[in-house]
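Since the structure comes first, as C-alpha cells, the remarks are kept for the end.
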Amino acid sequence: MSEPNKSVTVVPSPRRHLWHDLGPRLISALVMIALTATALFVGGYFFAAVVGAVFAGAYREWETMVSRAPLSPIGMVLIGLLALSGLVFPLWGVLGSVAVIGLACVVAIAARGEGVWWRVLGLVLFGAIILAALVMRGDSMAGVWAGLYLGTVVWMTDSAAFFTGRQMGGEKLAPDISPGKTWSGALGGLALGTGAGLVVWVLATDSPWWIGLVLSAVISVLGQAGDLSESAVKRHFRIKDSGDIIPGHGGLMDRLDSLTFGVLLVLLIGTLHSGFGSVAEGLLYW
C-alpha cells in the first residue's frame, strides 16, 4: 500500500516513447510535400528560386559542419552564390549556373581556412544537385511528372524505412555508420518506394512497366545509399543531426540526402537516352 500524499511517477512505455516525434514529422512532411508539388507545377523562376534556396540552406549546414565554427562572412557569401546559381538558370541556363558555382569554389579556395576542400566538395555536390533538378524539370509537363516520380520513390522509401525499422527493429544495416538503421527498414523502404514509384510510372507514361520497376528499385537503393553517405560524413565530423530547422526531421541535409544520387541518376539516364535538353522525356518515354 502506497504512503499518503506520495506522488507516483508514471514512466512512459518504450513503445510510446518510440513514436513521440510522429506528429511533428507528419506535419513537416506535409508542408514539404505541398511546397515541392507547388514549385514543380509552377516551374520557371519560382521552381528555380525554391531549389536554389533549399539547397543553399542545406549547404549552410554543410558549411558550419566542415568549418567546425559558427557561420562566417565567407560562408554567407558561398550560401548566397549557391542560391544565385539556381536563380540564374532560367535566364542564362546551365552555363550561367556553372559559372556562379565555379565562382563560389574560387572564393572558397581563396579564403582557405578550416576544411577548405570539404567546402569545395559541398559546393560542387549541392551545385550539381541544383543543376540536375532544374534540367530535369525543364519547361514541359514531362518535367513535372519526372519530379513527381522521383520524389515519390525517394520519400516513400524514406517513410517506409522509418516506420518499418521502428516497428520491426532487427539486425542493424550499417551499425558503424548509422546505428538506427536496420535491414527490416531498408527492405521495407525498398518495397514501398519501388511499388509507389511504379504506380506513378504507369500513370505518367505508357512505357513498359518493367522499366519503371527497375528504375524505381535502383532509385530506392540509391536513396538509401545517399542517406548512409550523409551519415558517414556526419559521423566523421561527430555530429548527430545536420540541423534542427525541420521539426521532427532534423536539418535540410537530413531530408535531402536521399535525393542526391537519385536526381543525378535521372540526369544521367535522361541525357543518355534523349539528350541534355530532354532529360525528363528521356527518363519517362521508352
Side-chain angles (χ1 to χ4, degrees), residues 35-36 38-40 42-67 69-140 143-144 146-147 150-151 226 229-230 233 242-243 245 251-253 255-257 259-268 270-271 275-280:
L35 175 62
T36 303
T38 302
L40 263 175
V42 174
Y45 285 102
F46 182 65
F47 183 70
V50 169
V51 170
V54 167
F55 283 100
Y59 177 76
R60 179 188 182 279
E61 299 169 355
W62 178 278
E63 170 72 19
T64 56
M65 178 178 68
V66 303
S67 64
L71 191 62
S72 66
I74 289 295
M76 289 187 279
V77 169
L78 298 178
I79 293 166
L81 287 172
L82 204 57
L84 183 63
S85 73
L87 197 56
V88 302
F89 183 85
L91 280 174
W92 299 316
V94 173
L95 290 180
S97 296
V98 169
V100 175
I101 295 167
L103 175 61
C105 291
V106 171
V107 171
I109 294 171
R112 300 182 181 180
E114 177 76 18
V116 57
W117 295 113
W118 279 103
R119 269 180 166 174
V120 172
L121 175 62
L123 291 168
V124 171
L125 177 62
F126 288 115
I129 298 170
I130 289 172
L131 279 176
L134 294 176
V135 171
M136 176 193 69
R137 172 58 180 87
D139 56 5
S140 67
V144 177
L150 175 63
S229 297
E230 193 226 5
V233 173
S242 62
I245 192 173
L252 286 169
M253 275 175 53
R255 287 298 88 209
L256 299 172
D257 52 12
L259 274 171
T260 304
F261 296 143
V263 72
L264 295 177
L265 176 70
V266 165
L267 178 65
L268 176 63
T271 300
F276 195 69
S278 304
V279 168

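- Checked by atom type and distance alone, the side chain of E63 never pairs as donor or acceptor with a backbone atom of L71 at under 3.5 Å.
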For residues 101-111, tabulate all N or O donor-acceptor pairs below 3.5 Å that involve a side-chain atom, not counting sequence neighbours.
none

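- Using a distance-only test at 3.5 Å, with no hydrogens or angles considered, a donor-acceptor pair links the side chain of T64 to the main chain of E61.
- Residues G262 and L150 share a closest heavy-atom pair of C-CD1, 3.9 Å.
- We find the CE-CG distance between M76 and L81 to be 12.5 Å, quoted to the nearest 0.5 Å.
- Note: D139 CG to L134 CG = 12.0 Å, rounded to the nearest 0.5 Å.
- Looking at every heavy atom in both residues, A48 comes nearest to G86 through CB-O, 3.3 Å.
- Here the straight-line distance linking atom CE of M253 with atom OG1 of T260 works out to 8.5 Å at 0.5 Å rounding.
- Counting only residues at least two apart or on different chains, no side-chain hydrogen bond (donor to acceptor under 3.5 Å, both in side chains) pair has a member in residues 92-109.
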Residue pair L123, L78: steps toward the side chain to side chain contact (heavy atoms under 4.5 Å, CB included) verdict: CA-CA 8 Å; L123 291 168; L78 298 178; 4.1 Å; yes
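- Taking each heavy atom of V266 and V279 in turn, the nearest pair found is O-CG1, 3.6 Å.
- Here the closest heavy-atom approach between residue V51 and residue A133 is recorded as CG1-CB, 4.2 Å.
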Before you tell me yes or no, could you show the steps for V42 and T38 under side chain to side chain contact (heavy atoms under 4.5 Å, CB included), namely the whole-Å CA-CA distance, both residues' side-chain angles and the distance that decides it to 0.1 Å? CA-CA 6 Å; V42 174; T38 302; 4.2 Å; yes
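- L256 CG to F55 CZ: the interatomic distance, rounded to the nearest 0.5 Å, is 4.5 Å.
- Across F261 and S229, no two heavy atoms sit closer than the pair CE1-OG, 3.7 Å.
- Taking all atoms of both residues into account, the shortest heavy-atom contact from L252 to A58 is CD1-N, 3.7 Å.
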Please walk me through it: do F126 and S85 pass side chain to side chain contact (heavy atoms under 4.5 Å, CB included)? CA-CA 10 Å; F126 288 115; S85 73; over 6 Å; no
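- Atom CZ of F89 sits about 11.0 Å away from atom CZ of R137, to the nearest 0.5 Å.
- At least one side-chain heavy atom of L82 sits less than 4.5 Å from a side-chain heavy atom of I130.
- Annotation: the span from T36 atom OG1 to F47 atom CZ amounts to 8.5 Å, rounded to 0.5 Å.
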Is there a side chain to side chain contact (heavy atoms under 4.5 Å, CB included) between R119 and V66 once you walk through the steps? CA-CA 7 Å; R119 269 180 166 174; V66 303; 4.2 Å; yes
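- Taking the six-membered ring for Trp and thresholds of 30 and 60 degrees, W118 and W62 have ring planes inclined between 30 and 60 degrees apart.
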